[in-house]
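Presented below is the structure to which this report refers.
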Amino acid sequence: MNTFNCYIRKEILESLRQYKYLIIALGIIIFAISGPIMLKLTPLLIKSQPEISINSDSFMTIKSCLQSFISSLFQISIMFIVFTVCTSIAEELTLQKLVFPCSKGASPMFIVISKFLNYSIPVTILTTAGIFINHYYASVLFKSSDVSTTNLITVSLLISLYYIFNISLVLFFSSIMKKSLPAGILTLVIGYASAAVIKVPHIKDFLPYKLVSDSSSLTFKGTTSTVLFTIFLTIIFLIATIYRMNHVDVI
């Protein structure tokens with residue numbers, strides 16, 4: 001346990017030194033703040049284009065702000081997270097940074113779990129903060145039916161779980177490929193492809209992307225089964241990563 005504590009402390013210090021937490025925070029919080037502001041400015045942009053006729057009241061709502069932010073979290077913020085995490089294992093394997101920890105008794109299981117926790121916990125905190133910051137600015141700028149705190153918490157947990165699944169996935173790919181960029185790209189391709197097939201019957205409940213889709217629509221029918229399956233997949237990828245690291249030459 002002392003080895004695990006030392007290694008996770010090393011992960012935290014390294015992430016702080018390389019500004020990884022800051023990069024992830026910027027990728028989430030910037031859109032949380034800018035989304036409501038941009039939505040507020042939309043009618044002014046529409047007025048400057050007389051040939052465009054859109055009823056702004058239909059999307060100038062707190063719920064629309066939340067949906068827009070969730071879209072940004074899926075399309076853009078995920079890239080900040082994936083490309084930050086993908087360097088974690090691949091870089092250490094390439095640069096042989098695992099020689100010293102392994103010589104001091106750090107097991108592959110401790111290494112993988114510490115990296116997983118090092119990113120999953122801050123991402124969950126930042127995602128939750130982003131959701132509530134977005135809601136605060138939206139409630140200041142727009143006077144419309146509110147989104148309940150219960151729904152905001154539910155959305156925060158679902159989006160965080162989706163991110164956590166992607167963290168486990170990119171750790172797995174980076175342990176196999178030993179290259180950070182291909183691992184990150186493959187993870188994103190899988191995520192974006194799942195959004196394209198979400199309408200296919202019988203499989204949508206088994207797609208982690210359904211967590212994002214349900215969060216955006218604020219309808220949580222069948223979400224429990226998706227949550228359980230996503231947790232199951234996350235555990236499977238973590239076990240697979242640990243297995244892979246047990247068979248990797250660190251020298």
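Keep in mind that the numbers below use all heavy atoms, side chains included, and drop hydrogens, waters and symmetry copies. Here, residue 1 is the first one in the sequence, and each next residue gets the next number.
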Phe83 atom CZ: more than 12 heavy-atom contacts under 6.0 Å | yes
### Message
With a sphere of 6.0 Å drawn around CZ of Phe132, does it hold more than 12 non-hydrogen atoms of other residues, nucleotides or ligands?
### Response
yes
Distance in Å, [X] [atom1] paired with [Y] [atom2], rounded so as to fall on 0.5 Å steps:
X      : Y      : atom1 : atom2 : result
Met38  : Ser68  : CE    : OG    : 9.5 Å
Leu211 : Ile70  : CG    : CD1   : 11.5 Å
Lys221 : Thr219 : NZ    : OG1   : 9.5 Å
Leu238 : Phe165 : CG    : CZ    : 11.0 Å
Ile121 : Tyr21  : CD1   : OH    : 8.5 Å
Ser215 : Asn151 : OG    : CG    : 9.5 Å

Determine whether [X] and [Y] make a side-chain contact, defined as any pair of heavy atoms from C-beta on separated by less than 4.5 Å.
X      : Y      : answer
Leu169 : Val82  : no
Asn166 : Ile81  : no
Leu171 : Phe237 : no
Lys20  : Tyr119 : yes
Phe172 : Thr187 : no

Heavy atoms only: give me the nearest [X]-[Y] pair and the separation to one decimal.
X      : Y      : result
Met177 : Ala183 : SD-N, 3.6 Å
Thr230 : Leu161 : CG2-CG, 4.0 Å
Ser175 : Met245 : CB-SD, 4.0 Å
Asn118 : Ser15  : ND2-OG, 2.9 Å
Ser217 : Gln67  : CA-NE2, 4.4 Å
Ser156 : Ser160 : O-OG, 2.7 Å

Asp214 and Thr226: side chain donor to acceptor below 3.5 Å: no
Hydrophobic cluster membership, with links at side-chain heavy-atom distances under 4.5 Å among I/L/V/M/F/W/Y: are [X] and [Y] in one?
X      : Y      : value
Leu152 : Val227 : yes
Ile153 : Ile28  : yes
Val170 : Ile190 : no
Ile231 : Tyr163 : yes
Leu66  : Leu126 : yes

Would you check if the side chain of [X] reaches a backbone N or O of [Y] as a donor-acceptor pair within less than 3.5 Å?
X      : Y      : answer
Asn246 : Ile242 : yes
Lys115 : Ile89  : no
Ser194 : Gly191 : yes

### Query
Phe206 vs Phe229 aromatic rings, parallel, tilted or perpendicular, using cut-offs 30° and 60°?
perpendicular
Report task. Over 60° means perpendicular and under 30° means parallel, so classify the ring planes of Phe80 and Phe31, tilted if in between. Result -> perpendicular
For this session: Would you sort out whether Lys10 and Ser114 count as a side-chain contact (heavy atoms from CB on, under 4.5 Å), showing the intermediate values?
Result: CA-CA 9 Å; Lys10 170 257 184 191; Ser114 64; over 6 Å; no
* Asked: Do Tyr209 and Tyr192 have ring centres separated by under 6.0 Å?
  -> no
For Phe116 and Thr241, run side-chain contact (heavy atoms from CB on, under 4.5 Å): C-alpha distance rounded to whole Å, both residues' side-chain angles, the deciding distance at 0.1 Å, then the answer. CA-CA 11 Å; Phe116 175 73; Thr241 305; over 6 Å; no
